[in-house]
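Working notes, beginning with the structure itself.
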Number of protein chains: 2
Amino acid sequence: MNKRKYGCGLDAAVDLMGGKWKALILWALHFDTLRFGELRRTVPGISERMLTLSLREMESTGLVHREMYYEVPPKVEYSLTEFGHSLVEAMTPLGEWGESNLDRIEAVTGGGNT
Amino acid sequence: MNKRKYGCGLDAAVDLMGGKWKALILWALHFDTLRFGELRRTVPGISERMLTLSLREMESTGLVHREMYYEVPPKVEYSLTEFGHSLVEAMTPLGEWGESNLDRIEAVTGGGNT
DNA sequence: CAGCATCCCGTACGATACTG
DNA sequence: CAGTATCGTACGGGATGCTG
């Protein structure tokens, strides 16, 4: 049962793009429509399982569009919906902040705890 | 051992404020310096344990400042550091996006999956 | 190539009780 | 008031193997 209302919009947004991989996937798809294998190569370190799961989840939340081509070598392309693009744009400042403070963040997370 | 480098700044930022409660706590502290009990009341649904853990973690990452007063009724005040404030500011667009799309988000997360 | 199934583990999180 | 200790669970996530 999921009766979770969100404390604020930020909470809701984090729920959508939180987790370990969704932000990376969103980011990757922001620039290009990508196939499964391309995504796998673009997002470093992700497993097939997590890519599949994340993609499915983002499909179901309307962030990602999935286009299947019924060909002999199976081909599936993933792209962002308008909704997805708008989210990425909202995340951009956070991403820039993160990059500006990468050193510091790596220092505190690497030497600290979870 | 923690050799996690981040895929991008966004990844790093999400690592800092991800989780279930940190965003809410940051948000609450953005407006005011708050005591433990006040925070507990401000962040709806959080347990003492999670509040403590989140606070400790954010202390260790330099987002939150903790000020103890050695008085008879113990008193501790939490506030954001400059670092914390800058993070909140970077998160703001995301929060606004979330609020603008609250209905949609609740619909897709409430009826879907995690 | 794209993807699902299964096993397994760590930890994030929750509930409850106790303390200075 | 402001925590800490302990226990238990659920889920996120990794590794591996199989299918159309």
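Here is how names work: the chains are called A, B, and so on, in the same order as the sequence lines, proteins then strands, and each is numbered from 1.
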Checklist entry - Hey, does B:Y69 reach any base, or is it just sugar-phosphate, or nothing, if we go heavy atoms under 4.0 Å? => result nothing
Next on the checklist: In whole Å, I'd like the distance from the CD atom of A:E71 to the C1' atom of C:dG3.
Outcome noted: 16 Å
Checklist entry - Quick one: A:D11 CG to C:dC13 P, roughly how many Å, whole number? => result 11 Å
Checklist entry - Which nucleotide sits closest to the side chain of A:E48: C:dA2, D:dG13, D:dG17? => result D:dG17
Checklist outcome for this item: Residues A:I105 and B:A13: closest non-hydrogen pair is CD1-N, 4.4 Å
Checklist entry - Which of the following nucleotides, C:dC4, C:dG20, D:dG3, is nearest to the side chain of B:P74? => result C:dG20
Checklist entry - Can you check the B:M50 CE to D:dT6 C1' distance for me, whole Å? => result 15 Å
Next on the checklist: Nearest 0.5 Å, please: how far is CE in B:M91 from CH2 in A:W97?
Outcome noted: 9.0 Å
Next on the checklist: On the nucleotide D:dG3, are OP1 or OP2 found under 4.0 Å from the side-chain N or O atoms that B:R66 carries?
Outcome noted: yes
Next on the checklist: Between B:T81 (side chain only) and B:L63 (backbone N and O only), is there a donor and an acceptor less than 3.5 Å apart?
Outcome noted: yes
Item to check | Atom-to-atom span, CG of A:L53 to P of C:dA2 - whole angstrom | outcome: 17 Å
Item to check | Approximate separation, where rounding is to 0.5 Å, of A:H30 NE2 and A:H85 NE2 | outcome: 5.5 Å
Checklist entry - What is the distance from CE of A:M68 to C1' of C:dC1, rounded to the nearest Å? => result 10 Å
Item to check | Interatomic distance where CG belongs to B:D15 and P belongs to D:dG13 [whole Å] | outcome: 11 Å
Checklist entry - So does A:R49 reach the base of C:dT6 with its side chain, donor to acceptor, closer than 3.5 Å? => result yes
Checklist entry - With a non-hydrogen cut-off below 4.0 angstrom, is A:T52 in contact with a base, only sugar-phosphate, or nothing? => result sugar-phosphate
Next on the checklist: Cation-pi check for B:Y78 against B:R35: NZ or CZ below 6.0 Å from the six-membered ring centre and within 45 degrees of the axis, yes or no?
Outcome noted: no
Checklist entry - OP1 or OP2 of C:dC1 sitting under 4.0 Å from any side-chain N/O of A:Y70? => result no
Next on the checklist: For a quick test of reading the model: is some side-chain N or O of B:R35 closer than 4.0 Å to OP1 or OP2 of D:dA2?
Outcome noted: yes
Item to check | Distance in angstrom units between A:R56 CZ and C:dA5 C1', rounded | outcome: 14 Å
Checklist entry - Rounded to the Å, how far apart are B:R40 CZ and D:dC1 C1'? => result 10 Å
